[in-house]
Amino acid sequence: MSEFMAEVVGKYNYWLYVVLMMIGFYAMIGKRNLVKKLLGMNIFQTAIILFYVSTGVKRGAGIPIVDKYAALKHGVDAATVVNPLPHVLMLTAIVVSVSVTGVALAVLLRIYREYGTLEEDEILEKIGR
Amino acid sequence: MTTSNLHLYVLAAPLLTAFFVNLLGRKSRSWIAPLALGSLAFSTVGSVLVLLRVLTHGAYSYTVGNWNPPFGIELLVDHLSALMLLLISAVALIATVSALKSAEREHPGREHLFFTLYLILIAGLYGLVLTADAFNLYVLLEITSITSYGLIAMGKERAPLASFNYIIMGSIGACFYLLGVGYLYILTGSLNMADIAILLQGLYGTAALATAFAFVLVGLGVKMAFFPLHGWLPNAYSLAPTGAGTMIAPLMTKVTVYLMIRVILTVFTPDYAFFHSPLVQSGIVWVAAGSILCASALALGQRDLRRMLTYILIAEVGYMVGGVWLANANGLTGAILHIVNDSLMTLCLFLAVAAISYRMGGTGFDRLQGIYRKMPVTMAAFTVGAFSMIGVPPTAGFFSKWYLILGGIDAGHWGFVAALVISSLVNAVLFFRIIEIGFFFAPGDAHGHGHEAHHEEIKEAPLQMLQPLIFTAIALIVVGLSSGPLVDKVIRLAIPGSF
Amino acid sequence: MAYASSIWPLAAIGISLLGTIPIMLSGRSPNLRESWTLLIAIGKFLLVASMLPAVLDGASYNFVIAEVFPGVPIALRVDAMGMLFALVASFLWIWTSVYSIGYMRALEEHGQTRYYASFALAISATIGVAFSANLFTLYLFYEVLSLSTYPLVAHEQNAEARYSGRKYLTYILGTSIGLALPAMLITYSLAGTLDFQVGGVLTGSGASPQLLALLLIMFLFGFAKAGLMPFHGWLPAAMVAPTPVSSFLHGVAVVKVGVFSILRVIFHIFGPNLLLEINLGAIITTIASVTLLVASLVALTQDSLKRRLAYSTIGQLSYMILGAGMLSAAGMTGGILHIAMHAFGKITLFFCAGAIYVAAGKKYISQMDGLGRRMPLTYMAFLLGSLSIIGMPPLGGFISKWNLVIGAVNSDQLILLLVLLVSSLLNAAYFLPIVYRGFFAKAAEETTESGIKEAPLFCLIPLGVTACGSLALFFYPDIFLRLAQLALFP
């Protein structure tokens, strides 16, 4: 039991990301308002970004910004700095996320102009399904 | 420009041209066609040279910015990616000829915006088939997806809503893939595909790897519209602008199938993917067989030609996924050959639909009556495409079906064989229904609408749309008859020797 | 055995394939278009006949069109069996074209360019089947034939034509994709090749007798153009087509393609020895006998002349398959020979049916009383054709039926002897009354039908030629007999 608790509590950040992902997923699928769906998508993507970033963390490590000359002379001890690669990857992912959000918002503007509402059920009514 | 960089120039051409199309196209429409066609023609020639180079010297890779893998991004040009490069170039070039005409009608004054997105999408597709880095794949996947979201949203009426649904579902897929790559990174610390495969050697039994694999497959499955993850495709592709649909439909799902093949062969290796868990392997073939049958059944219920084609597209994805997961040489050959053949047949059919749409204003069954008399050349080419979908020799579609069925027999997977045969028969029903409507009824029998936006006199499609169509129809037969050399010289070399 | 890689087989097929282009282009000038058709037909016959001497000597012509699959190219080979079929088909096409001209012009039919172009394509596919070197090439031309004959069957473009066209495709395409294609692929995966070889390719493949039996049944029903029951329904439905289509395609080309395909599978994929070993001949003869008898019985009930001829065709096709299934030398020879004999006889009958329609407008037998007195030449030809089908001397059909009887006796299958005798009686019962009533019965509306005279010349000449052909084949069957024997015992 205590092992199980250690598992859960020790990895609390991952459980948080799972919860965030589920919230985002639910919002994407379950909500009727298109903007809320979009926000759900953002939450989902953010959870994944957080997941990646947290994979780089090391116990007792510092920010990966070091003195250039010191590094050139002595090298860098990997255990003292957090892994910067996931951060870099996630910068790209954030850019992607922002672009998709931008396009989605533009599309939503068009939908609003066309149907006058952003509620999915009302739109479907207007289409006449 | 040396031949070792040629693939980069192939990728760069449409990418750079996109910006020029935007800037110059604003000033005057007449810049767009030569720029777009010129860049794609250049890319086609480049792809041919790349393929020839691979055939004579073997596969090679290119490191971007001279950062060596596994730290830098690597581009891999082997037989499979060279073949895909040529396929994308050829299909995009042919589709663009027709798209220019459609865009003139559907987006007057905004063609420069349309073709900017269009060309960036093609550049993204090139990148997808060249990359050998898992994360880079995600980026390029999103590039192609975002541009396609934009292109689809440019359609009329319900298109923005269809695009929004596609955005939501597509992002779920991409995020799942990203999650899978994250797991792989945690497990191996590397993002280079070949490097990951080496580092995964000892980890085959772990739950983390299985989870990574599952996430990656589901993510790609959403993007390729593998039933039951297909919900976004019918609306998105049938409501998209005609020009966009002509290029996206033959390419996007097939490139995603290629991605699945690449991931299985290079990252997870067939040993793990196929042979570690035979239950999963045959299970996926059963799901593929089910997807073929369900998509074919859904296609039967459609009353609009373009929508019907999108459901057939979903069934074709089932063919390819099933073929890959049969895990034998014939199945994999069939799947890769089907990527080529299906792109061509889908291109042919969508070009015909574009021509019909241009003249008739739509493709509902009621508008197709007596169309054989009014648009004989278009419908002749459509018939060739239809025969290819049904699987009648000597059109291309038959030859990939041969390998797929043979692969199913080799693997003893009679369910998949039955699904392929039944789907051919259903395709026959679907297309002969159209042929009947077009052949038997006098034109305009139920033409009671009278609200045609164009009040067009219904005659044969314009030459600019007819030429690519005729070319593709002939290509279907030529490619069919050349499937011997195609398989022998190119595809067999793309399959790992252990099969 | 001299093998020569030669372009002649390709030329024989290609001449009408390429010929569709000038036919389609000369749509505006009917005389030019018809001349093209006749020119191509005569050219094709000459090309086929030019290969005859070498084939009679035991040689064959080979040509590979494209290597498409490992071990399975699209390839042509002219051997004895293919030569027999191709000779019959190309010769009769000349006369069908002449007949078409007369028929279509007399009735002022629409869509004639499409008609002639589809016909040219269909005959290419037929010769393609005859000259196929392996099962895949045969399948390819088989499918091309199905699709190119669809516009011909649906020619009238009315509701009935649509329905019949649908039935035609459902039966033919459904069975070829659903049964023949998987069977072919299973054969390939068992034998590693699909080439037609004397003695078959499946011996030593290690397949169980049950699998081989299943495979045989899939082939028998997969090639539904042979009309084995229960997949025969398309043939009566296809009678809505114009009569030249019915006579040539469904008397000679399409149906014989079905039978030819099945015979190729029996002789050159399975091989008679293998079938004898696992006793599969019985399956073939049973299915064929049932079809034979049922079709002959149903023919008795049909009042529409063309439908009666259709059911008669279904029965006669089963004769050929029955002969092959006997697996005795004479039986198999008779089966192959009947391809030629039946073709000449049946096409005569169909030509007469069309002539009656053109000249008198009548389709139903009950209306044809006394017509023989007004159209004596047509009815004489009909008599000759019927006698050939029934199997009476001095008509060609006697020779093939005689071989079948000998074959049944030789293989100790006396029940088949009974089947043959009963069916001959039935054949007589459904054909002879037509002739009798035509000549001797009193016409219902004798006085009003004063305008009925003989059919137009373009229709009369072909039916005369084919009727005389049936007669001539009794006296000079040597070429066909030799070809049939060469096919079985090279």
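In what follows, every chain begins at residue 1, and chains take the letters A, B, ... in the order their sequences are listed.
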How about the chain B/chain C donor-acceptor pairs under 3.5 Å, what are they, with distances?
unit_1: B:Glu436; atom_1: OE1; unit_2: C:Arg166; atom_2: NE; d: 3.4
unit_1: B:Glu436; atom_1: OE1; unit_2: C:Arg166; atom_2: NH2; d: 2.6
unit_1: B:Glu436; atom_1: OE2; unit_2: C:Arg166; atom_2: NE; d: 2.9
unit_1: B:Phe439; atom_1: O; unit_2: C:Gln157; atom_2: NE2; d: 2.6
unit_1: B:Gly484; atom_1: N; unit_2: C:Val68; atom_2: O; d: 3.4

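Within the 4.5 angstrom heavy-atom criterion, only side-chain atoms of B:Ile409, from C-beta onward, approach chain C. Neither the backbone nor the side chain of C:Ile65 comes within contact range of chain B; no heavy atom of the residue lies under 4.5 Å from a heavy atom of that chain. For chain C, the nearby part of B:Val392 is the side chain; its heavy atoms alone come within less than 4.5 Å. Heavy-atom distances place both the backbone and the side chain of C:Ala154 under 4.5 Å from chain B.
Counting heavy-atom pairs under 4.5 Å between each of C:Leu173, C:Ile74, C:Leu140 and chain B puts C:Leu140 at the top. Of the residues considered (C:Val72, C:Leu181, C:Ile177), C:Ile177 shows the highest number of contacts with chain B, using heavy-atom pairs under 4.5 Å. Of the residues considered (C:Pro182, C:Gly165, C:Gly178, C:Pro73), C:Gly178 shows the highest number of contacts with chain B, using heavy-atom pairs under 4.5 Å.
Considering only heavy atoms from C-beta on, B:Phe432 comes within 4.5 Å of C:Leu147 through its side chain.
More than 12 heavy atoms of other residues, nucleotides or ligands lie within 6.0 Å of CZ in B:Phe365, so this atom counts as buried by the packing criterion.
A pairwise comparison of heavy atoms in B:Pro393 and C:Val144 identifies O-CG2, 4.1 Å as the closest pair.
C:Leu185 pairs with exactly one of B:Val417, B:Val421, B:Ile405 by the side-chain contact (heavy atoms from CB on, under 4.5 Å) rule, that one being B:Ile405.
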